[in-house]
Amino acid sequence: MTHPTGDRINQDLLRPLLQTSWRFYLLVALFGGVVLLALGMWFRQMYLGFGVSGISWPVYWGFYVTSFVFWIGISHAGTLISAILRLVNAAWRRPVTRCAEVITAFALMIGAMFPIIHLGRPWLAFWLAPYPSERLIWPNFRSPLVWDFFAINTYLTGSVLFLFLPMIPDFAVVRDKSTGLRRKIYGALSFGWRGTTKQWHRLETAMQIMAIAIVPVAVSVHTIVSFDFSMAPVPMWQSTIFGPYFVAGAIFSGIAGLIIAMAVLRKFLHLEDYLHPVHFENLAKLMLVMGLLWGYFVFNERLVTYYGNGPGEMAVFWRTQRESFAPLYWTMVVCNFVLPLVILGIKRFRTITGAVIASFGVLIGMWLERFLIIVPSLGHKYLPYSYGVYRPQPTEIVIAAGTFAAMVLLYVLFAKFVPIISIWELKAGEHPSPELLPTALEEHPLGKLHL
Amino acid sequence: VRAVYALYPNGQSAQEGVNRLRSAGLADRDITILSGQPMEDYEFGHIDRRSYMWWLACGGGLVGMATAFFLTWITETSWPINVGALPVYAWWPNLIIIFELTMLGAILTTVVSLLITGGLPGRGEKLYDPEVTSGKILVGVENPDAASVDAYEKALSAPPGAVVKKL
């Protein structure tokens, strides 16, 4: 394991931008093909009508809303983790932050697509915007869906800016190392960045302010997504614990997504000198903690429901514990709790491979968790007239699978056009000698906030 | 001569170059320092540190909060809907929108203040050398006094590893 410095960092991290291998085209063709297939299925759904999906009364929220909640949860990996690590000035964050922030931006974009896919007539998507309508359709401005609109758009705007600002100095590096059209494009993207001391201070201050602002916004987003459920009189949804339960689950799945993305980048872009085993170990420990927290929330939710013994709640409870949804429920418990606990709790297994296996398990488990929150409750509300069955159809399955391909495709394209590890932040982590370090700049203590 | 500058291989040499320019009678605001990374380990890296960005962000947050208050008030009272026993203008649900727009105001103000105070996008011909992104540190003087150019050149060339250039 070596620690590259100076020009070597430029060479290593600009290589994917300046050289293109056949593997890039293969990945784009492969995942692009799946995305096109999913788009085709979506157009088919628009043309033939919503009946091609398995969504029907009373289960109006199936795969699409499951995927919506799942992707919004995945988005918590990036900006939230990056912001927290920036605020505590953790040195090991430097190669990780951009890999993480990209996940947030793309996962939010994909997640925000689902309310539109879920519309029978997506060309009327602008009706979702909470503006006073002249068509005598008056939106309820107090609806939790209005909160979603503001929360997700605030988080998306903040996350994209949080991702973009630290890219400006790196665009300047690409500008200086390239020629022709590429130089012009990156020159425009770098905004004429020169690297004056003033620019560096302003950038670092901006990142600090945004980190502070984005943490509560990130927490609020998934709390508000949980309110979409907990504000409705549906069995097992009306729970005061849903806010923190959703946030914990979101961070949990987000870390899993980040670990997989980092492992793939490390392997295919040969970033072994930048993404060290310690980065995976730290994230794995964080994921283990979130897994335990998730288990605590699930136990809490289940125990209180069981003790309350309400007939509506208990019917849904038993559907998931030992009836039709039990196989999915126990798979979720194994994937989200048992697997991470065994793999990440034992130091010998806490390797990069171990962390990736546990992460795949967590992603499967968290998708199932979202599904099991939505479908069993909607299919078995308080009165028998509202009982129903949901069977996902190929359209929904292909579209849901297509979003995973879209995520990979967007990530591959991003890594092709932008340094996936922040060059200037890596260099800023190099210190000439210990005696030159001002005390406020030591890496591990809490960073000084220059308010 | 439009500018005279030196490229240094490390922060120590650059610090010496800055100190020598100061000794030659230049104020900090007249010295241009460019680097490929923040140089907070050195004294020159702390020049221009003071900013009002925190206060601007707070101001932006207040503007966002006021906008949210206005938006929720105007929409809910102009198009009132009676839902259960909820008041037409209900604080609890609106606090969420007020919170989100407060944060959005702070974030957008921060970005705008970064762009304005950081001089982005850069306009016109400014002193720059692509070697900066390769790790060199540029210390120089833009639009120097013709009479002082030699003195600046001498000051800049003294630290070890200096490569002095004139434009």
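If you're wondering where the values come from, they're calculated on a predicted model, not measured in any experiment.
Of the listed residues (B:Gly36, B:Ala90, B:Gly118, B:Pro38), the greatest number of heavy-atom pairs within a distance under 4.5 Å of chain A belongs to B:Pro38.
For A:Phe227, the part sitting under 4.5 Å from any heavy atom of chain B is the side chain, from C-beta outward, and nothing else. Looking at B:Leu138, there are no atoms closer than 4.5 Å to chain A (heavy atoms on both sides), in backbone or side chain. Heavy atoms of B:Met53 lying under 4.5 Å from chain A belong to its backbone as well as its side chain. With a threshold of 4.5 angstrom between heavy atoms, A:Pro144 does not approach chain B through any atom at all. Only the backbone of B:Pro87 has a heavy atom closer than 4.5 Å to any heavy atom of chain A. Contact of A:Ile224 with chain B is made through the side chain alone, with heavy-atom distances under 4.5 Å. Contact annotation for A:Leu165: only side-chain heavy atoms (C-beta onward) come within less than 4.5 Å of a heavy atom of chain B. Of the two parts of B:Thr117, the backbone and the side chain both hold a non-hydrogen atom closer than 4.5 Å to a non-hydrogen atom of chain A. Within the 4.5 angstrom heavy-atom criterion, only side-chain atoms of A:Leu161, from C-beta onward, approach chain B.
Atom CZ of residue A:Phe171 and atom OG1 of residue B:Thr133 lie 14.5 Å apart, to the nearest 0.5 angstrom. Taking CZ of A:Arg202 as the start and CG of B:Asp48 as the end, the distance is 6.0 Å to the nearest 0.5 Å. In this structure, CZ in B:Arg49 is found 7.0 Å from CD in A:Glu204, a value given to the nearest 0.5 Å.
A pairwise comparison of heavy atoms in A:Ile209 and B:Ala57 identifies CG2-CB, 3.7 Å as the closest pair.
Residues of residues 98-116 of chain B placed with any heavy atom under 4.5 Å of a heavy atom in chain A are listed by number as B:Phe99, B:Glu100, B:Leu101, B:Met103, B:Leu104, B:Ile107, B:Leu108, B:Thr110, B:Val111, B:Leu114, B:Leu115. Residues of residues 154-166 of chain B lying within less than 4.5 angstrom of chain A, judged on heavy atoms, are absent. Taking 4.5 Å as the heavy-atom cut-off, the residues of residues 186-196 of chain A that approach chain B are A:Phe191, A:Gly192, A:Trp193, A:Arg194, A:Gly195, A:Thr196, ordered by number.
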**Item:** Verdict with reasoning, B:Trp54 to A:Ile212, per side chain to side chain contact (heavy atoms under 4.5 Å, CB included)
**Value:** CA-CA 11 Å; B:Trp54 286 97; A:Ile212 288 174; 3.5 Å; yes
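For the residue pair A:Lys198 and B:Ser51, no side-chain donor N or O sits within less than 3.5 Å of a side-chain acceptor on the partner.
Taking the side chain as every heavy atom from C-beta outward, B:Ile33 and A:Trp200 never approach each other to under 4.5 Å. B:Arg50 has its side chain out of reach of A:His201: every pair of non-hydrogen atoms, C-beta onward, lies at least 4.5 Å apart. At a threshold of 4.5 Å between non-hydrogen side-chain atoms, the residues A:Pro169 and B:Gln37 do not count as touching.
Among pairs with a residue in residues 144-160 of chain A, those fulfilling side chain to side chain donor-acceptor pair (under 3.5 Å) read A:Thr79-A:Ser159, at least two apart in sequence or across chains.
The number of heavy atoms from other shown groups lying within 6.0 Å of CZ (B:Arg2) is above 12.
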